[in-house]
Amino acid sequence: MEEKKTPVYNSKAIEEKWQKRWADDKLYESNIDENKPKHYALTMLPYPSGNLHIGHWYSITPSDAHARYMRMKGYNVMFPMGFDAFGLPAENAAIKHNIHPASWTFSNIDHMRDQLKSMGSMFDWRREIISAKPEYYRWTQWFFLQLYKNGLAYQKFSPVDWCPTCNTTLAREQVWGDDRHCERCGTPVIKKDLNQWYFRITKYAEELLNFDGIDWPERVRTLQTNWIGRSEGAAVHFKLENGEDLEVFTTRPDTLWGVTFMVIAPEHPLVKEILSEGDNPEIAAYVDNAARSSEIERSSADREKTGVFSGRYAINPVNDKKIPIWISDYVLMGYGTGAIMAVPAHDQRDFEFARKFGLEVIVVVHPDGEELPDGATMTQAAAAHGTIVNSGPMTGVPGDVAFGKVCDWLEEKGIGHKTTTYRLRDWLVSRQRYWGAPIPIIHCPHCGAVPVPDDQLPVLLPDDVEWKPTGESPLKLHPTWKNVKCPICGANAERDTDTMDTFMCSSWYHLGYLSPYFETYPFDKKEYDYWMPVDVYTGGIEHATMHLIYTRFFHKACRDMGITKGDEPMLKLRNQGMVLGEDQQKMSKSRGNVVDPDALVARYGADTVRAYLMFFARWEMGAPWDSKGIEGSARWVRRVWTMFLEKSEKMNCADAETLRTLRRKVHQTIKAVTRDMEAFQFNTVVSGLMELLNDIGKAKTAGAMGSKEWDEAADIYLRMMAPVAPHITEEIWEQLGKPYSIHTQLWPEADAAAAQDDVVTYVVQVNGKLRDRVDLPVSVSDEEAKAEVLARPAVIAALEGKDPKKVIIVPKKLINIVK
RNA sequence: GCCGAAGUGGCGGAACUGGCAGACGCGCACGACUCAAAAUCGUGUACCUUGUGUAUGUGGGUUCGAUUCCCACCUUCGGCACCA
């Protein structure tokens with residue numbers, strides 16, 4: 001038999017060929033085009049750790065496929081990429097290998113950029129930004145100064161985890177073990193108070209709770225709402241014996257008459273005052289110890305309560321009762337005022353504390369429908385909703401109005417007022433590290449904190465720094481860098497030696513892409529007006545509370561300063577889950593379960609790796625890696641190759657029904673795949689295409705190749721597959737003699753008439769159990785369907801001669817007979 | 001501990017608005033091709049006590065009908081403010 005061999009699918013050659021061609025033709029460069037609707041697709045930029053791992057591919061590939069889909073839908077799409085290049089790992093590498101963080105970072109970036117290019121993604125590389133470049137961090141510093149000049153940045157003393165041996169601040173990941181010791185030297189960490197910069201994100205707490213006009217996942221909105229943690233309550237002024245004020249925040253002012261003691265955080269100013277007034281070893285020891293616990297430990301509800309009596313008393317302003325003030329670490333300085341009124345009868349934590357230290361318990365709420373609890377004998381805090389008792393003027397007030405009545409009463413008496421508190425804390429931006437954007441402030445003994453003048457930005461990191469193995473910040477140790485003249489008075493002054501939290505760099509990188517390293521402003525306003533806001537933002541769910549709140553805050557603050565427009569930076573957010581190792585554990589070098597994408601690309605080609613990553617798990621869920629499963633995607637990609645390029649033995653001789661069925665399936669698949677693309681359900685995009693390929697294969701066997709239905713199927717199939725597998729589809733497209741490039745074609749539209757089924761299968765149930773299936777024409781009426789079904793032998797048998805009580809008909813789907 | 005999410009065959013997953021549980025793929029089995037193997041193609045594949053049978057983490061509830069809604073519990077994963 002004479003045979004014309006189809007060339008073997010060679011992923012490497014094809015991918016190199018098209019990647020070069022696309023770059024040469026500037027196929028993915030995105031420029032302002034007023035004639036097209038714009039689409040700004042943004043995906044979270046990687047940290048240049050050295051190697052792209054499979055998680056990056058998992059995040060980026062579907063984002064790229066969706067951006068390609070939007071382009072085929074007719075949008076002018078921008079899909080940029082960059083590197084979030086400041087951060088701790090570079091500094092660790094510097095200390096460990098005695099290499100400059102910049103050289104470590106930039107060589108990692110060069111490698112990772114090549115890896116990113118191997119994915120065949122539609123990045124516009126002209127728009128790349130690297131946050132560690134002076135041309136970028138110049139504007140990070142400029143933004144800091146804008147926030148400062150507009151009263152949104154301030155300095156405050158606050159504690160950091162500190163290693164006294166290494167003489168350095170430790171990040172949470174550098175503190176190990178239950179005894180909280182330094183990862184480098186094992187010394188137990190201590191807290192150290194440093195004067196640090198904060199951004200006033202709490203000013204925007206209320207607005208950040210509002211998600212109107214943005215399409216963000218419910219779970220992210222919930223996480224952010226809980227993170228911000230709005231509580232309505234009252235501020236109440238207790239008096240100390242010396243007449244000083246001690247303010248507490250309470251969500252339950254209606255229980256004020258049940259207060260039997262107060263608790264203040266170990267960091268509370270009153271504690272410092274007590275310690276400064278004389279030796280108190282017990283309190284000092286307690287405070288030291290509390291400083292060594294993490295906040296997560298301290299806020300654990302099931303932790304054994306500890307505390308120490310302060311020796312002081314306060315006066316409850318509602319009844320002039322003298323109550324003891326205790327110090328305990330279950331009260332956090334960062335929430336409310338760092339002082340609480342304790343109502344042990346109605347709060348479980350207060351109750352445990354009272355029982356442990358033998359403090360009084362007074363019941364002030366009579367829970368509805370229960371016996372009045374006895375403070376002396378109760379074994380847990382009572383429900384706090386019911387009628388108020390034992391509460392002077394408030395006795396007898398029903399629970400549902402007590403809150404409001406007490407607040408009014410407090411305001412009338414001038415001892416308190418209704419207020420709202422948030423769990424959200426201001427954003428601490430100072431880092432005692434080298435590899436970050438220097439805080440552009442000069443500290444002058446006469447003028448205070450003075451902004452570095454705009455024309456002197458950026459404040460460059462000095463290159464000639466020394467790396468101590470202890471991790472001490474080289475900016476502090478540099479002999480000359482910090483010494484400057486005050487820009488206002490000319491006196492000898494010092495630069496701020498701290499750098500900024502890297503979340504500051506990533507709060508505005510979406511603006512950086514608009515016009516990278518623009519010289520006169522952080523971005524070109526023309527580009528801003530065209531591209532912003534971001535239309536789709538994709539990235540990991542782990543960023544739900546921090547980065548994604550910071551960037552919203554940053555945008556709103558900039559809006560109020562006249563820099564940005566609109567209320568939100570990112571209209572639509574979609575998050576992916578995590579790819580675990582084959583052992584179902586988080587991938588990490590130490591576990592040895594890391595999957596290397598380069599090896600997979602070398603073996604299977606980027607198209608197969610892309611297809612598998614989109615197919616093997618629900619994108620927003622993630623899943624463990626399965627190294628065998630990728631074979632299925634490899635087979636699919638190869639089958640597509642032979643399906644459309646290899647001539648069939650039987651050509652153009654299929655019967656009409658085969659062709660009609662083929663066409664129906666093609667148009668049904670357009671509907672399904674389009675719906676799933678819109679919904680970010682990439683696994684069913686690929687499975688839908690696989691299913692269609694199976695049907696195309698049957699049609700090919702039946703002789704459909706060469707028909708106009710076949711040509712339409714091939715054309716539509718390749719266009720739908722192009723976002724998933726951009727290289728192979730471009731190659732087949734070319735070999736079929738179609739016009740370059742497949743990626744500039746339009747997305748196919750389903751023909752509703754062609755997609756219409758001829759028959760529908762009714763599911764027949766008796767009492768909810770499947771008893772039969774009946775194929776009926778689509779045009780059948782409910783009554784006709786019912787008659788057909790009741791005549792079926794299986795139904796007659798199941799009814800056992802009884803009359804149906806009820807027949808439920810779901811049109812075109814199901815008939816359930818209730819007997 | 002707190003906040004959030006998820007539990008479906010041997011495995012990853014599918015099931016659109018409460019309506020056929022297991023699409024698609026992996027794996028496995030058998031067959032075709034081959035001297036043979038690989039690759040490819042084809043067929044089959046939830047379970048059992050084979051029947052008006054059981055089954056979507058466990059136990060309850062709502063409903064004609066529940067993987068889907070409600071309640072309680074268990075397990076796993078993400079975040080918890082200096083990893084990014």
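Computation of the quantities below employed the complete heavy-atom set of this structure, encompassing side-chain atoms and omitting hydrogens, waters and symmetry-equivalent molecules. Lettering of chains follows the sequences in order, A, B, ..., and the numbering in each one begins at 1.
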Testing B:rG19, B:rA81, B:rC26 for proximity to the side chain of A:K628, the answer is B:rC26
**Message:** Any donor-acceptor pair under 3.5 Å linking the side-chain atoms of A:Q668 with those of A:D757?
**Reply:** yes
_Check the phosphate of B:rG27 against A:R635, side-chain N and O only, distance under 4.0 Å to OP1 or OP2. Yes or no?_
yes
Please state the P separation for the pair B:rA23 and B:rC47 - nearest whole angstrom.
13 Å
Original post:
Does A:E631 make a side-chain donor-acceptor contact with the base of B:rG25, cut-off 3.5 Å?
Top reply: no
Practice problem: Pick base, sugar-phosphate or nothing for A:N694, based on heavy-atom distances below 4.0 Å to the nucleic acid. | Solution: sugar-phosphate
| said: Can you confirm if the NZ or CZ of A:R423 lies within 45° of the ring axis of A:W227 and under 6.0 Å from the centre of its six-membered ring? | reply: yes
### Query
If you measure only the distance, is there a donor-acceptor pair under 3.5 Å linking the side chains of A:E352 and A:Q380?
no
Practice task
Assign the ring pair A:W641 / A:Y9 to parallel, tilted or perpendicular, where the plane angle (0 to 90°) is split at 30° and 60°.
Solution key: tilted
Q.
Would the base of B:rC20 count as contacting A:Q765 through its side chain, where contact means a donor and an acceptor less than 3.5 Å apart?
A. no
> Is A:N816 side chain donor-acceptor paired with the B:rC64 base, going by distance under 3.5 Å alone?
Replying inline: yes
Comparing A:H543 with A:E295, nearest RNA chain B nucleotide closer to 5' gives the residue A:E295
Exercise for the section: May I ask you to verify if any side-chain N or O of A:R172 is less than 4.0 angstrom from the OP1 or OP2 atom of B:rC82? Expected result: no
Closest of B:rA5, B:rC82, B:rA84 to the A:R219 side chain is B:rA5
Ranking B:rC83, B:rG19, B:rA84 by distance to the side chain of A:I808, first place goes to B:rG19
query: Between B:rA14 and B:rG25, how far is it from one P atom to the other, in whole Å?
result: 15 Å
P-based separation of B:rG22 from B:rU56 [nearest Å]: 14 Å
Once base and sugar-phosphate atoms are separated, protein heavy atoms under 4.0 Å mark nucleotides 67-75 of chain B, 5' to 3', with B, S and - as ---------
Original post:
OP1, OP2 of B:rC80 versus side-chain N and O of A:R423: anything below 4.0 Å?
Top reply: no
Assign each of A:T761 and A:V686 the nucleotide of RNA chain B bearing its closest heavy atom; nearer the 5' end lies the nucleotide of A:T761
Go through the steps for A:F616 and A:W625 under the test ring-ring contact (aromatic ring centres under 6.0 Å, His included), then give the verdict.
CA-CA 8 Å; A:F616 90 108; A:W625 181 254; 5.8 Å; yes
Testing B:rC24, B:rG4, B:rC20 for proximity to the side chain of A:M690, the answer is B:rC24
Readout for nucleotides 10-15 of chain B: B = base within 4.0 Å of protein heavy atom, S = sugar-phosphate only, - = neither; 5' to 3' it is --BSS-
Exactly one of A:F144, A:W508, A:F86 clears ring pair (Phe, Tyr, Trp, His ring centres under 6.0 Å) with A:Y137, and that residue is A:F86
Q.
Both conditions, 6.0 Å and 45 degrees, for the charged tip of A:R552 above the ring of A:W216: are they met here?
A. yes
Side-chain atoms of A:K769 come closest, of B:rC20, B:rU54, B:rC82, to B:rU54
Output field dot_bracket for RNA chain B (Watson-Crick or G-U, both distances under 3.5 Å, | for other-strand pairs) contains (((((((..(((......[....)))((((((.......))))))(((..).))..(((((..]....))))))))))))....
Of the listed B:rG19, B:rG4, B:rC82, the closest approach to the A:T222 side chain comes from B:rG4
>> Looking at B:rU40, I'd like to know if its phosphate oxygens (OP1 or OP2) sit under 4.0 Å from a side-chain N or O belonging to A:R638.
In response: yes
| said: Using 30° and 60° as the class boundaries, would you call the ring planes of A:W427 and A:F553 parallel, tilted or perpendicular? | reply: perpendicular
